[in-house]
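A short write-up of the structure that comes next.
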Amino acid sequence: MVRCACCLIATGDDDWCCVLGHRVGQIRLIFKIPRTPLQDLLPAENEQNHPEHLAYIEWFSPFTHPDPNHGLYKLTRSLNGGQRLASIVEIKDIRRSCQLWPAFGPVAPRDWSSSNVLEQCSTFFVSAFSDLHAYQIIF
């Protein structure tokens, strides 16, 4: 069983008071490239700016307009040619964890569980109610 956290990731202007400039991603792996290979890959003149820790992220769709009935943002997996869209980002761009609620429809499938719902469900709502900071950013 693999559980991977969903989080808000800065993608543009660093605005802490709203979802603009952020996107939801699922962290699949956190890693560090050893210094020697990193020096071989990146120019030496910017050595102090080399990233320390990185994360492999699978993306959800960008924020659009909140649902008019409850004000929550609806997201789906971002796909490219049927494959999940993924990127490697610096850890410093990960702002906070976030909760995704499955969009069940009229009936929740019985085979969904907390360990597989992120893989089984195709549509989610971003919860703004986990804590005050999430509410201020998302809602």
Item to complete: Would you indicate whether the side-chain heavy atoms of Y73 and V24 approach each other to under 4.5 Å?
Response: no
Fill in: Spatial distance of atom CD1 (I137) from atom CG (L132) [nearest 0.5 Å]
10.0 Å
Worksheet entry | Side chain proximity check, F124 to L118, heavy atoms < 4.5 angstrom | yes
Discussion item. Looking at every heavy atom in both P66 and G71, which two are closest together, and how far apart are they?
Written reply: CB-O, 3.3 Å
Practice prompt. First locate atom NE2 of H22, then atom CZ of R96, and finally report the distance between them rounded to the nearest 0.5 Å.
Written response: 10.0 Å
Fill in: Co-membership, hydrophobic cluster, residues L85 and L79, 4.5 Å side-chain
no
Fill in: S61 side-chain N/O to T76 backbone N/O, donor-acceptor pair under 3.5 Å
yes
Worksheet item: Less than 4.5 Å apart, any side-chain heavy atom of L8 and any of R23?
Response: no
Response to the item:
Taken to the nearest 0.5 Å, the spacing of S97 OG from D131 CG works out to 7.5 Å
Worksheet entry | From NZ (K92) to CG (L54), nearest 0.5 Å | 10.5 Å
Fill in: Min side-chain heavy-atom separation W59-N80 under 4.5 Å
no
Worksheet entry | side chain to side chain contact (heavy atoms under 4.5 Å, CB included) between L75 and T123, intermediate numbers included | CA-CA 6 Å; L75 302 178; T123 306; over 6 Å; no
Discussion item. So, taking the atom named NE2 in H133 and the one named SG in C98, what distance separates them when rounded to the nearest 0.5 Å?
Written reply: 12.0 Å
Worksheet item: What's the shortest heavy-atom distance between D67 and N69, and which atoms?
Response: OD1-N, 2.7 Å
Item to complete: Determine the interplanar angle of the F129 and W101 rings, folded into 0 to 90°, and report it as parallel if under 30°, tilted if 30 to 60°, perpendicular if over 60°.
Response: parallel
Worksheet item: Do I9 and R95 have side chains that get closer than 4.5 Å, going by heavy atoms?
Response: no
Worksheet entry | Common cluster, V117/F125, ILVMFWY with side-chain heavy-atom separation under 4.5 Å | no
Practice prompt. Specify the closest pair of heavy atoms between P109 and F104, including all atoms of both residues, with the distance to one decimal.
Written response: CD-CD2, 4.5 Å
Item to complete: List the steps and the verdict of side chain to side chain contact (heavy atoms under 4.5 Å, CB included) for L100 and F60.
Response: CA-CA 11 Å; L100 299 184; F60 288 89; 3.6 Å; yes
Worksheet item: Passes side chain to side chain contact (heavy atoms under 4.5 Å, CB included), Q83 versus E58? Steps please.
Response: CA-CA 10 Å; Q83 300 293 315; E58 290 181 352; over 6 Å; no
Worksheet item: Got more than 12 heavy atoms from elsewhere within 6.0 Å of CG, D111?
Response: yes
Practice prompt. Show your working on side chain to side chain contact (heavy atoms under 4.5 Å, CB included) between I88 and I57 and close with a plain yes or no.
Written response: CA-CA 6 Å; I88 294 175; I57 303 291; over 6 Å; no
Worksheet item: More than 12 foreign heavy atoms under 6.0 Å from NE2 of H70: is that the case here?
Response: yes
